[in-house]
Student: 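I have a structure here, written as structure tokens, and I will follow up with some questions on it.
Note that this is a predicted model, so its numbers are computed, not measured. Because only heavy atoms are used, hydrogens play no part in the values below, and waters and symmetry mates are left out as well, while side chains stay in.
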Amino acid sequence: MHKYAQVIIHFATTTEIDRVFTYKIEENLKDKVQLGHRVKVPFGRYNALQIGYVTEVMKEIEPVGYPLKAIAEVVECEPMLAPMQLDIAKFIVSYYGTSFAAAIDAVLPPGLSQKPFEMKTDLEEYIVLTEDDYKVHAYMDQNSHKKTFLRQKYLLEYLLIHRKVLQKELENMPQVSRSSLKTLLQNELIIKIQEEKKRVQDVICYDAFKTLSEEQVRAKNSIIDTLNNKKYRTVLLQGITGSGKTEVFLYAIKEVIETGGTALVLVPEIALTKQTLERFQERFGSQVALTHSRMTPKERQRLYIKAKKGEISVVIGPRSAVFIPFENLRLIVIDEEHESTYKSESMPKYHAIDIAQMRMKREKGVVLLASATPSLETYYKCQNGAYDKVTLDQRIGSAILPEVITVDMRLELRQGNNGVISQKLYEAIQDTLNLGQQVMLLINRRGHSSFINCRSCGYVIKCDHCDVSMTYHLASRTLECHYCGKKLPVPHICPACKSKHIRFLGNGTEKVEEYLTEHFESYGIGRMDLDTTTGKTGHSKILDDFGQRRINLLIGTQMIAKGHDFKDVTLVGIISADLSLYMQDFRSNERTFQLITQAMGRAGRGDTKGKVIIQTYNPEHIVLERIKSSAGELFYQEELKNRELMGYPPFANVFTVLITGENEQQVIEAAHTLTQYYRHYSQKGKGVFRVVGPSVAVISKVADEYRWRIIILSEDREKLLIYGKYCLQKFNTTKTHESIKIQWDINPLSMM
Ligand code: ADP
Ligand code: ZN
Ligand code: ZN
């Protein structure tokens, strides 16, 4: 019999109590407390009841020398955390150094209250006969003389045969009246019970599967062989845009379902559209469910239960779907695996690929990463044999990759065109629309003008609270700060010198839209960015309009670059390739390569060859050179060499610390003191750690908070995490300024 339990307190806010505590299990709960149970335990000086989770049950413990408290109650009859979920939580704690509480929140469905979590989905009402046949017959005999008894009699006779019938079904029978049901209920011959709805699972629809190309068959077979090996493996499916990757992994999922397994499919949030779901539902029917961030906690709880009970076999969702509690999980697909949305930016700051790999190692299954432009980390792991790689080199059908042209915007300027669209792009748009085809234009910045300055004195309008210039928004006719959201009216005179000559420089989606409206309005124009996609149907409405040809020109931020499949798009324009090239981030080359390649992937997916026009002030930039000559492999090789030379990922791990506070002097001081700790303890690490900084962050002030950062690099991830956190703890105990805030992350995807 288990007499003791280790319990993690869920409300742990400080590091001191974010650990296990030992509790007694008293006689009355002995058979009830198991591993993973949610319990209430007395905690702290006043023994307030707190929610906790049982992480271990024990028969014996070492004597502790003080009286142990006892578990007060068990919340649910069944353990809330399955062993698999407990393992994931433990992994998060050790791999990302976050609190148990945060890890458990990630693993469990949102919106749990202190009340027992009901593992029930949809309920249905049944009518059941309570008495035995003899008593029912006696009742019938007693009442048979009554005229009104006919309907009751019919009902009882029916129930004598069937015993338990759906109330809805009875109510639909013409011979049954509501009043007779009521009378029988009153006389307690029948009762109402609620039971979970029975589900009939759809079978796989084999006709919906496409006949694969030779290349696809090879990829599919290779993936299915790996699945059937029943060993953990990560496989990269690298296929150029439009090569039919999705079709290949649909087959892999079919194989999994046919052999009694389940599968998860992660896609970037923006790709979670009706079209994606339909593509899966056509094949797997009601065995598939979708989850997304706009679902209510209740809806997400229902999905969680369905998955746990095995009522569904496939879930498609964003990053957080990696925690769906499937049994028999054999495959996790991560589509567009290079996307940074797979890394969480809030605690726990996990990466979905890490979690997927941890789960599949445990279940001996396969992680399938799909991308046309894999991350450098993934590419590297394929090269050194840690991952397998299967490739698709051809587009489906007669589609071929588009022609790529760069336009030198310096020349354009010299020729007197200081507008947002070059002559060449203008002509191409005109030609494309004339041919009845569609155009997509990408500019990775929302708003109209990103830079407002005075012609007379050069004053630039910046946010009062952030170190960034304000962006002019045409639709709202306001200036907006993209970092803190603050809005200002548009000034008519310069705040500094009162001059009337104010210029609106820098381009955004609205400026391009304005230009297009002036020249091509009759073709129908749509704009897709953060400002036009709020609300539940936001982006799907715009994409629908584009797909149905109600609009023929679509302008947008990176949102439009991803995954969409429109056959009539033959021209893609990149308005300003330079925007992402010169970010102060070692990944800026990689990101630009991915963004432009993905955007290019939207062109010429049908029968007509596509064209891509890239506008830039730096046509010689290596990234653009490599894209133009379709030298993707070369780009990856060169970029890997650079990273190795610089000692950056994937050759090192990065621990970042961001120090913020309203008092600039205090922030600077804190950053320097903390750096001293890092330098001091790095000497003990014998050159394992490289400390960079402290330096002011790229955006030096946001919402009145000054920002400094420290970066530490090391090949040894485990040591780096321990050391990174250790120095922070040391610093925290001696911290003099209470208002200083510190955030940290291991292997973040953005260095801002
Ligand atoms: P990717 O995921 O590589 O971008 P998709 O799987 O979305 O590519 O395929 C691109 C388009 O080609 C889709 O419209 C898809 O339905 C179609 N397609 C894919 N494979 C085949 C095939 N074997 N036969 C016919 N059409 C296909
Ligand atoms: Zn001025
Ligand atoms: Zn601001």
Student: Whether Arg626 and Glu633 form a salt bridge (side-chain N of Lys/Arg under 4.0 Å from carboxylate O of Asp/Glu) is what I want to check.
Tutor: no

Student: For the residue pair Tyr636 and Tyr379, does the interplanar ring angle fall in the parallel (under 30°), tilted (30 to 60°) or perpendicular (over 60°) class?
Tutor: parallel

Student: How about Tyr53 and Phe100: are their ring centroids closer than 6.0 Å?
Tutor: no

Student: Which label fits Tyr304 and Phe117: parallel for a plane angle under 30°, tilted from 30 to 60°, or perpendicular past 60°?
Tutor: perpendicular

Student: Let me confirm one number: the NE2-CG distance from His338 to Leu236, rounded to the nearest 0.5 Å.
Tutor: 11.5 Å

Student: Tell me whether Lys349 contacts the main-chain N or O of Trp744 through its side chain, where contact means a donor paired with an acceptor under 3.5 Å.
Tutor: yes

Student: Return the CH2 to OG1 distance between Trp708 and Thr660, rounded to the nearest 0.5 Å.
Tutor: 14.0 Å

Student: Name the orientation class of the two ring planes belonging to Phe689 and Tyr723 (parallel below 30°, tilted from 30 to 60°, perpendicular beyond 60°).
Tutor: parallel

Student: Counting heavy atoms not belonging to Glu625, are there more than 12 under 6.0 Å from its CD?
Tutor: yes

Student: When you measure from the side chain of Thr22 to the backbone N and O of Gln6, does any donor-acceptor pair fall under 3.5 Å?
Tutor: no

Student: Provide the closest heavy-atom pair for Leu713 versus Leu720 in the form atom of the first, atom of the second, distance.
Tutor: C-CD1, 4.5 Å

Student: Is the count of non-hydrogen atoms from other residues, nucleotides or ligands lying under 6.0 Å from Lys24 atom NZ greater than 12?
Tutor: yes

Student: If the threshold is 4.0 Å, N to carboxylate O, is there a salt bridge linking Arg359 and Asp87?
Tutor: no

Student: Quick one: do Glu60 and Lys3 make a salt bridge, cutoff under 4.0 Å?
Tutor: no

Student: Step through the shown structure and confirm whether more than 12 heavy atoms of other residues, nucleotides or ligands are within 6.0 Å of CD on Gln383.
Tutor: yes

Student: Just by modelled atom types, is the Ile699 backbone N or O under 3.5 Å from a matching donor or acceptor in the Arg707 side chain?
Tutor: yes

Student: Applying side chain to side chain contact (heavy atoms under 4.5 Å, CB included), can you list everything that pairs with His465, at least two apart in sequence or on another chain?
Tutor: Cys463, Cys484, Lys486, Asp704

Student: Any sub-3.5 Å donor-acceptor pair from Arg709's side-chain atoms to Val696's backbone N or O?
Tutor: no

Student: Using a strict cut-off of less than 4.0 Å between a Lys/Arg side-chain nitrogen and an Asp/Glu carboxylate oxygen, indicate whether Arg643 and Glu639 qualify as a salt bridge.
Tutor: yes

Student: Okay, side chain of Tyr726, backbone of Tyr681: is any donor-acceptor separation there less than 3.5 Å?
Tutor: no

Student: Roughly how far, to the nearest 0.5 Å, is CG of Leu749 from CD of Glu590?
Tutor: 9.0 Å

Student: Look at the side chain of Arg690 and the backbone N and O of Ser714, then say whether any donor-acceptor pair between them is shorter than 3.5 Å.
Tutor: no

Student: May I have the step-by-step check of side chain to side chain contact (heavy atoms under 4.5 Å, CB included) for Val39 and Ile51, ending in yes or no?
Tutor: CA-CA 6 Å; Val39 291; Ile51 292 277; over 6 Å; no

Student: Spell out, as yes or no, whether a donor-acceptor pair under 3.5 Å connects the side chain of His37 to the backbone of Gln34.
Tutor: yes

Student: Would you mind reporting whether Val692 and Ile712 have side-chain heavy atoms less than 4.5 Å apart?
Tutor: no

Student: Please check: side-chain N/O of Lys40 versus main-chain N/O of Ile71, any donor-acceptor pairing under 3.5 Å?
Tutor: no

Student: Salt bridge check, Lys701 against Glu664: does any charged N sit closer than 4.0 Å to a carboxylate O?
Tutor: no

Student: Could you check whether any side-chain heavy atom of Val657 comes within less than 4.5 Å of a side-chain heavy atom of Leu728, counting everything from C-beta outward?
Tutor: yes

Student: Testing Asn589, Ile622, Thr597 one by one against Phe635 for a side chain to side chain contact (heavy atoms under 4.5 Å, CB included), which residue passes?
Tutor: Asn589

Student: Grab the two heavy atoms, one from Arg445 and one from Leu579, that are nearest each other, plus how far apart they are.
Tutor: NH2-CD2, 2.9 Å

